[in-house]
Amino acid sequence: MSTVLSLRGPVSEFAKFLLDVAEKWQREWQRRRAFEADPDPSKPKFFITAAFPYPNSPLHLGHSRTYTITDVYARFKRMQGYNVLFPMGFHFTGTPILTMAEAIASGDRELIDLMVSVYDVPEHDLDKLKDPLSMARYFSEEAKKAMIEAGYSIDWRREFTTVDEEFKRFITWQFLRLREKGYIKQGTHPVGWCPVHSMPVGMHDTKGDAEPEIGEYTLILFRIEDEGAYLAAATLRPETVFGVTNMWVNPDTLYVKVRLGNKVVIVSERAAFKLRFQKDGVEVIGKLKGSELVGKVVVNPATGRRVPVLPAEFVDPDTATGVVMSVPAHAPYDYVALRELLESGKLSRIAPNVDASMLEPIPLIEVEGYSEVPARDVVEKHGIRSQRERNKLDEATKEVYSAEFRRGRMRRDLAKLLEFGVPAELKPYVEAPVVMDIAGKPVPEARERTKLWLEALGYADKMYEIMNRPVYCRCGTEIVVKVLKDQWFIDYGNSEWKESVLKAFESIRVVPPEIRQEFLKTVDWLHERAVARTRGLGTPLPWDKSWIIESLSDSTIYMAFYTVIHKIRKYGIHPSKLVPEFWDYVMLGKGDPEKLASKLGIPRDVLEDLRSEFDYWYPLDSRHSGRDLVPNHLTFFVYNHVALFPPDKWPKQIVVNGFVMLEGKKMSKSLRNILPLRRALRIYGPDTVRAAVLVSAELLQDADFSDAVARSVMTQLNKVVKHVENAVESTGDTERRETLADRWLDSRLAIHVKSVAQKLEELRIRAASIELLYEMEHDLEAYLDLRGGSIGPAYRRFVESWVKMLAPITPHIAEEMWQRLGHETLVSLEKWPEPPAYHPETIAAVYYLRLLIDDIKSIAKVIKTKPKKAIVVTAPRNWWRLFRAAAEFAGSREALRETIKAARELGLDAKRAQRVARRIVELVQRLDPEIVKDLLKVGELDEQRVLSQNADYIAAKAGLEEVVVLSMEEDARLHENLPDEARRKLEAVAPLRPAVILQ
RNA sequence: GCGGGGGUGCCCGAGCCAGGUCAAAGGGGGCGGGCUGAGGACCCGCUGGCGUAGGCCUGCGUGGGUUCAAAUCCCACCCCCCGCACCA
């Protein structure tokens, strides 16, 4: 059993043929400059782009999905008479290329092997990957070749990369203007940080691609009695500070005294190291063992209560400050550690002044389904005995935490826990914040209030921590949180901007419509976003050249750049002349071209030409990408257009597609099951790959590429070739008689021409592809069947249109077939076919034949003896009144009544009228509504004629030797010669429902 | 946790927004037949159950509800997938 991944060359003769045909037509398209698009005021324009690739590896099958969909749509629009521009560029901006080239240069065996054996990079090219820019150039050239070989109808004159000098000038303009509008801000932000590299690290920079999750601990400062220092407890649940019975430190850990703001605090040594990345002036001024802290007494800043410091081994010095406040009522760890300590009997030795009653859990939060001390409930439920049972404790903690967070409320009498030594008359003032803002409130609100209150008093601070710790940098160093100061942000949270973006979305067509909601929600929660990095390829921030504009930020309006770059080069305009005023004019029409011309030394008509080309193509009519770009790139793309361009230049449509799986599995580096696009094209031929990716899933679904689907597609393409050969050979055939079959095939074509166009317009490309490849072929087979194998005049008409309609999805074979049909034009540039005349009575007649054949077969199946002969008896022709009655009232309650009425008027007795009417009403209900419409249009069907002319066909299809067609009114003898049972069947004969008597 | 999407026949997957045309498209697999020396190639048929006459029964995550009528609408529950930012 061969899998796709073991293949290298064409799988079959036919695949080889497809490949040869593809190369031939790719050369031809290039020679004739078929897809180079220039402004043409006589035609409506259609500007379409797909997200350009990031060239840190060759394109694989997954990438091809978006581009194939874009290309199909571009080709379809072209055939509909639009002047279509489909350009492509390459995104060099960013750091992954940098780190990857570094890794290759340093001889990373794993990566090198991936390149060679998974991605087909020849060993002799490896040297080219050792330098970032050279790598990007290498892979972008590879990608371009792949795109050409896949048959994408791209105008390559407009190709560029994001490190081209002209592009950098364009981005410079963009960012200057964004800043002027107040959308660029400077601020402070926590990031994952490698202390060794001194660089922010994201998921792709970590071992095992772990995304560092940054969380925020609240530090609460407990003053040590009789000392100036504070113990800095770290907690995720500051609202529980009211229930602290004691503090926990790890006795075996080294703690340090550090200066933090205007206080001296005690934290673990590791915590002090981390805090230096987050706070200014963190300075270690002393060290001590955890055990030295044990037994000291500290004061709870929230309640004034004095509580002892006790030892606990569960305290992890590497998590936050390594100091924990103990809330046994609501924290299972604290509850268990405390119980263990009490049961050990060591308390009196450790803290002689503390007795067990002081350590009783203090209930703070009421939550339905739990007692006053939820921690105890879950500890007992899980049967936890020791603080070493970490898994169980984590489970229990999660349980209490989430129950209390979601359903818990602070107790109303919280204030009674306050023990500040203040005079009674001052007490209300001291208690006010707690009574007003915290007591009785739901936990989330109380948490926020408690934090703010203690912060205001100077007893709380915050510390960021990696929540999924430990996360390691690729260099092996554990990542910490760094608070980056003076980082530049783009303010996607700006509310006016947001509103405009939401307004823009109202007029953007989002395909498929289901994804619109996701866009709106993205706009909803988007806020400031770092806009620049300290390293990587790209454009420096114009006003602070130490920063490089980050890759998702320099790729938001680049579609506009396609409209003019080829002419900037053609006119030989030096990048130094591409100043902001230049772009203001070209992109926005601002400024006086005369003055600009003399200032820049660019001829005025050149400037005007650039401006008018931009103005011709913009706005963008369709933007395509994978669904992963919805919450970032695609949304930013709308934001930036809204910020910089007037509404008539805002994008018109966004099309989003799912991914590609290989043989049912996600393609991934670790599974090494990535199929490089160029290899796939060689194995199956480009048309096969395109069609296989398209037929295997609807737009948003993940497509599953498999050898089986590819082969099935090839089979169908082979049939296309056969039919074209038939059509060509049959030209001048003597059999030119038009039959029912010809009218039927024309009608079917009329349906397909409209239906495929509609499906493509709606980007239901899978449905369109199935109709083109399978259903239309079935129609041709059915046609030949109806004609008993001979080829009539409708055949060629159908095949010609079919080849045209196939051109968007399988352009190469379509070109080849178009040529074989005797045309010298390119089918890619042909017009979408016009639908031929539609004959409702013929469609209905064939439908009627099939209905009858199915009926005969289904009866034959039940009666077990194999029949040889069928006698088919049709209803009298004037009974079609019954059909019309049933059809006109179809769906309504009156249908049956009206039909019975009509039957009575025809002279049927009550019982029979009811029987006949019921049959016809039931049938109409089951029928394809299109057929019902057709039949109503025609009024009636000459059943006698249809059946007798096709009696042989019916017999063949139903596996009978003979079919005799009779009419109710025709032959009285018939009735007499039949057995009783068969005669009873005649009682129920109705239009479209002839009696069938099998013998 | 927040946000988005989804659970359909042996499998994959359409249908659901606009309820009846739905035992439910299409593909795969399986079974039978044809073709053939033979076939994993091609063509035809069948592929929920029952039925000696074109019919009946069950059925679209689970449980309720609305309706003459529900895979489709409403409510609750269970389960699955994806995204959550300085990264392309």
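Worth knowing before you read on, the calculation uses all heavy atoms, side chains too, and leaves out hydrogens, waters and symmetry mates. We name chains A, B, ... by the order of the sequence lines, and we start the count at 1 in each one. This structure is a prediction, so every number in the text was calculated from the model and none was measured.
Residue A:Pro53 is classed as having no contact, given no heavy-atom separation below 4.0 Å to the nucleic acid. Nucleic acid contact class of A:Asn632 (heavy atoms, under 4.0 Å, all strands): base. Among the heavy atoms of the strands lying under 4.0 Å from A:Leu998 is at least one base atom, whether or not backbone atoms are also near. At the heavy-atom level, A:Leu552 lies under 4.0 Å from base atoms of the strands shown. As judged by a 4.0 angstrom heavy-atom cut-off over every strand, A:His189 is placed among the base-contacting residues.
Distance A:Gln186 CD to B:C86 P: 18 Å, rounded to the nearest Å. Regarding A:Lys485, its NZ atom lies at a distance of 20 Å from the P atom of B:C86, rounded to whole Å. One can place CD1 of A:Ile997 at 16 Å from C1' of B:U52, the figure rounded to the nearest angstrom. One interatomic measurement links the two molecules: CE of A:Met714 to C1' of B:C42, which rounds to 15 Å at whole-angstrom precision. Regarding A:Arg516, its CZ atom lies at a distance of 19 Å from the C1' atom of B:G83, rounded to whole Å. Counting to the nearest Å, the P atom of B:G4 and the CD1 atom of A:Ile515 are 12 Å from each other. Look at CD on A:Glu781: it is 11 Å from P on B:G45, rounded to the nearest Å. What separates CG of A:Asn56 from P of B:A88 is a distance of 10 Å, to the nearest Å.
Across the strands present, B:G55 finds its partner in B:C50; the criterion is a Watson-Crick or G-U wobble pair with both atom distances under 3.5 angstrom. Across all strands shown, nothing is found opposite B:U72 as a Watson-Crick or G-U wobble partner with both distances under 3.5 Å. The partner of B:C77 is B:G61, judged by Watson-Crick or G-U wobble contacts that both fall below 3.5 Å. A 3.5 Å limit on both hydrogen-bonding distances identifies no Watson-Crick or G-U partner for B:C17. Across all strands shown, B:C35 forms no Watson-Crick or G-U wobble pair with both distances under 3.5 Å.
Both tests do not hold together for A:Arg65 against A:Phe659: distance to the six-membered ring centre under 6.0 Å, angle to the ring axis within 45°. Taking the ring centre of A:Phe489 as origin, the terminal cationic atom of A:Arg529 falls outside the region bounded by 6.0 Å and 45° from the ring axis.
Atom P of B:A24 sits at a distance of 14 Å from the matching atom of B:G49, rounded to the whole Å. One C1' atom belongs to B:U8, the other to B:C22, and the distance between them is 12 Å to the nearest Å. Rounded to whole Å, the C1' atom of B:G13 lies 13 Å from the corresponding atom of B:G6. Straight-line distance between the C1' atoms of B:U62 and B:A71: roughly 15 Å, to the nearest whole Å. For the C1' atom pair drawn from B:C73 and B:C17, the interatomic distance equals 11 Å after rounding to whole Å. Taking the C1' atom of each, B:G27 and B:G20 are spaced 28 Å apart, rounded to whole Å. Only the P atoms considered, B:G63 is 30 Å distant from B:G55, to the nearest whole Å. For the C1' atoms, the distance linking B:C80 with B:G61 amounts to 10 Å, nearest Å.
Proximity note for A:Gln517 (side chain, C-beta onward) versus B:A88, B:G27, B:G4: the nearest is B:G4. The listed nucleotides are B:G4, B:G54, B:G83; the one nearest the side chain of A:Lys521 is B:G4. Ranking B:C43, B:A88, B:A14 by closeness to the A:Lys719 side chain, first place goes to B:C43. Of the candidates B:A88, B:G28, B:A53, the closest approach to any side-chain atom of A:Ser712 belongs to B:G28. Of the listed nucleotides (B:G54, B:A88, B:G26), B:G54 has the atom at the smallest distance from the side chain of A:Val996. The side chain of A:Pro631 lies closest to B:G83 when the candidates are B:A53, B:C86, B:G83. The A:Thr715 side chain lies nearest to B:C42 when the options are B:G27, B:A88, B:C42.
Interface remark: the A:Arg766 side chain does form a donor-acceptor pair with the B:A25 base, using a distance-only criterion of under 3.5 Å. Counting atom types as modelled, A:Asp855 pairs no side-chain N or O with a base atom of B:A53 as donor and acceptor under 3.5 Å.
Between A:Gln701 and B:A14 there is a side-chain polar atom (N or O) within less than 4.0 angstrom of OP1 or OP2. Phosphate contact (OP1/OP2 of B:A88, side-chain N/O of A:Ser555, threshold under 4.0 Å): absent. Between A:Thr95 and B:A88 there is a side-chain N or O to OP1 or OP2 distance below 4.0 Å.
In summary, A:Arg447 and A:Glu216 do not engage in a salt bridge, as defined by a charged side-chain N under 4.0 Å from a carboxylate O. Using a 4.0 Å cut-off between a side-chain N of Lys or Arg and a carboxylate O of Asp or Glu, A:Glu781 and A:Lys719 do not qualify as a salt bridge.
Between the side chains of A:Tyr492 and A:Asn640, a donor-acceptor pair is found at a separation under 3.5 Å. The closest side-chain donor-acceptor pair between A:Thr93 and A:Asp554 falls under 3.5 angstrom. A donor-acceptor pair shorter than 3.5 Å can be found between the side chains of A:Tyr684 and A:Asp707. No hydrogens or angles considered: a donor-acceptor pair under 3.5 Å links the side chains of A:Ser546 and A:Asp544.
Heavy-atom nearest nucleotides on RNA chain B were determined for A:Arg993 and for A:Val709, and the one closer to the 5' end corresponds to A:Val709. With the nearest nucleotide of RNA chain B identified for both A:Thr93 and A:Leu992, A:Leu992 has the one nearer the 5' end.
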